[in-house]
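Protein chains get the first letters and strands the later ones, always in sequence-line order, with residue 1 at the start of each. Because the structure is a prediction, the values reported are computed rather than measured.
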Number of protein chains: 2
Amino acid sequence: MTVVTGGPRPQEDHSPRERTREEDVATSQDDGHPGSHYNRIRQSIVSGQAGPGTVLIPTVLSTQYNVSRTPVREALIRLEQDGLVERATRGYVVRTRTPEEILEICEARIALESSAAQAAAIRRTELDLARLVHVHESTAATKDPAELRELNHLWHVALREAGHNTTIAELMDRLDAQLKVYDSHTAPATDLPDNLSLILEEHAGILDAVRRRDAGAARDRMIAHQSRTRDLRIGALARSGRAAH
Amino acid sequence: MTVVTGGPRPQEDHSPRERTREEDVATSQDDGHPGSHYNRIRQSIVSGQAGPGTVLIPTVLSTQYNVSRTPVREALIRLEQDGLVERATRGYVVRTRTPEEILEICEARIALESSAAQAAAIRRTELDLARLVHVHESTAATKDPAELRELNHLWHVALREAGHNTTIAELMDRLDAQLKVYDSHTAPATDLPDNLSLILEEHAGILDAVRRRDAGAARDRMIAHQSRTRDLRIGALARSGRAAH
DNA sequence: GTGCAAGCAAGTGTATACAGATGAACTCAA
DNA sequence: TTGAGTTCATCTGTATACACTTGCTTGCAC
């Protein structure tokens with residue numbers, strides 16, 4: 001189990017609390033609004049910087065960020081509710097998921113995303129469609145893997161917007177974050193060129209169904225698309241799991 | 001907008017903080033474990049005691065429960081993440097949902113619950129099936145509306161257990177809580193005797209599909225069941241909305 | 001009465017205090 | 001060297017302190 005509590009610490013600083021403005025700016029891109037620590041810690045988890053099993057201790061984080069435990073605790077409570085961290089005897093731990101749990105998350109995603117596709121076919125506006133086409137074409141014109149992953153994500157976000165169901169969109173955001181934690185393991189498989197062209201084909205198919213307002217086809221194609229992605233993900237996870245043994 | 005912050009206050013008590021054990025026991029069924037305030041406040045919202053629009057102010061709640069603001073704040077943050085309350089300029093407010101939003105929640109529920117039914121047909125054990133049958137028969141043998149609502153809920157919980165997907169089960173718990181806030185408006189419609197017999201029929205049909213391991217039928221029947229419940233709910237809401245005007 | 005501004009009560013976020021709990025390190029007899 | 005007991009540093013939950021903000025009230029000129 002990794003027992004890192006974050007990036008490199010600025011310096012050992014045991015003074016009670018110096019509200020030096022310079023230091024604040026230096027150690028953080030804190031915009032100052034309440035709850036910003038939540039986003040910061042969340043980002044470090046989702047980005048994989050603080051991978052599964054990483055121990056997060058309020059005291060340590062608070063000295064790192066040069067704030068008191070109170071706002072850090074608030075952030076960790078929210079992250080716990082998000083399913084990204086869980087309570088340990090001491091502090092919190094970035095949640096470790098078994099392949100079975102990853103499969104469960106994928107199953108929930110398929111249910112919600114196919115429902116969103118169905119809704120998009122029914123409720124999409126012309127603007128929604130134009131946005132979707134735009135992102136799709138940008139994706140087709142890109143070669144950089146990181147940018148492709150981002151555009152792929154944006155396409156799905158645009159589709160959920162076209163579905164006009166914020167409840168589903170929010171739940172998907174949460175599930176996306178839970179899976180993103182494992183991207184470092186699964187990315188190699190999903191970044192393969194032949195997968196990328198398959199993704200584009202599948203997106204095009206769904207897009208076409210949404211254009212034609214064919215809700216059933218949109219749903220079925222999304223199920224197929226997400227199921228294939230799931231299998232790829234699980235396969236990569238199984239391989240990296242075996243490799244870790 | 002209702003501006004009640006809870007039940008009757010024990011007595012005006014402005015002393016700093018008296019850790020009188022007797023008083024604690026008297027004013028609460030606090031089991032003492034951390035996070036118990038979350039459950040208490042959550043319950044008061046879900047039960048309808050603190051309906052939509054109710055303002056929850058940390059200071060007030062903390063004097064009511066005879067604890068400091070810190071644990072109350074923690075509870076409210078968790079409830080915010082649950083989608084049950086939202087931040088206001090002062091304090092938190094129990095979220096008010098438009099009928100459109102209620103529809104969105106129902107849509108997400110249909111997607112997840114039908115997926116759970118499908119999974120149950122595939123993955124159910126004999127024990128799962130026996131539990132499901134037991135709850136179903138208890139439901140059929142009951143007349144009391146409150147008990148019927150509870151058993152109906154338990155049947156759905158048992159089905160999700162049979163689906164063996166805790167992610168879906170947890171998401172459904174959350175969505176159930178969000179809808180339960182409006183039960184006082186929708187219960188009159190769902191408690192009608194002819195609806196109850198319809199529910200039993202539909203449950204029996206889903207149960208049969210799960211028994212036969214017919215995933216497609218389980219899914220489709222669940223979609224039909226939940227869609228009908230949704231329409232009933234929305235109808236009742238529209239009527240109570242019109243009545244409120 | 002009406003409108004405006006000063007004053008004030010009460011809320012907000014964050015820091016800190018403090019009393020337990022707990023796990024790691026340390027001691028010492030065998 | 002080992003294992004049981006003891007210390008101790010540190011973490012946890014909760015209470016409290018404090019500075020800042022905000023919106024209501026009050027009083028006064030008109």
Quick one: does B/Arg90 reach the base of D/dT22 with a side-chain donor-acceptor pair under 3.5 Å? yes

Rounded off to whole Å, could you give me the CD-to-C1' distance for the A/Glu74 and D/dT12 pair? 18 Å

Using a 4.5 Å cut-off on heavy atoms from C-beta on, say whether the side chain of A/Arg95 contacts that of A/Val181. no

Calculate the interatomic distance between B/Leu56 atom CG and C/dA10 atom P; express it in whole Å. 19 Å

Could you tell me which non-hydrogen atom of B/Ala236 sits nearest to which non-hydrogen atom of B/His185, and how far apart they are? CB-O, 4.0 Å

Atom pair distance, as rounded to whole Å: CG in B/Asn66 and C1' in D/dA15: 12 Å

Looking at side-chain heavy atoms only, is the closest gap between A/Asn165 and A/Arg160 below 4.5 Å? no

Can you tell whether the side chains of A/Glu113 and A/Arg230 come within less than 4.0 Å, N to carboxylate O? no

So does B/Arg69 reach the base of C/dG11 with its side chain, donor to acceptor, closer than 3.5 Å? no

Walking DNA chain D from its 5' end, the first of A/Gly91 and A/Thr70 to be reached, judged by nearest nucleotide, is A/Gly91

Report yes if some heavy atom in the side chain of A/Val157 is under 4.5 Å from a heavy atom in the side chain of A/Val135; otherwise report no. no

Comparing A/Pro71 and A/Thr89 on DNA chain C - which has the more 5′ nearest nucleotide: A/Pro71

Counting only side-chain nitrogens and oxygens, does A/Thr59 get under 4.0 Å of the OP1 or OP2 atom of D/dT10? no

Whole-Å distance, B/Tyr65 OH to D/dA15 C1', equals 19 Å

Measure from CD1 on B/Ile57 to P on D/dT22 and round the result to the nearest Å. 16 Å

Are OP1 or OP2 of D/dA15 and a side-chain N or O of B/Ser68 less than 4.0 angstrom apart? yes

Taking only side-chain N and O atoms of A/Arg73, does any of them lie within less than 4.0 angstrom of OP1 or OP2 on C/dG13? no

Expressed in angstrom and rounded to an integer, what is the separation of B/Leu76 atom CG from C/dT12 atom C1'? 13 Å

Take atom CZ of A/Arg87 and atom P of C/dT22, then tell me their distance rounded to the nearest Å. 12 Å

Starting from C1' on C/dT14, measure out to CG on A/Leu61 and report it in whole angstrom. 16 Å

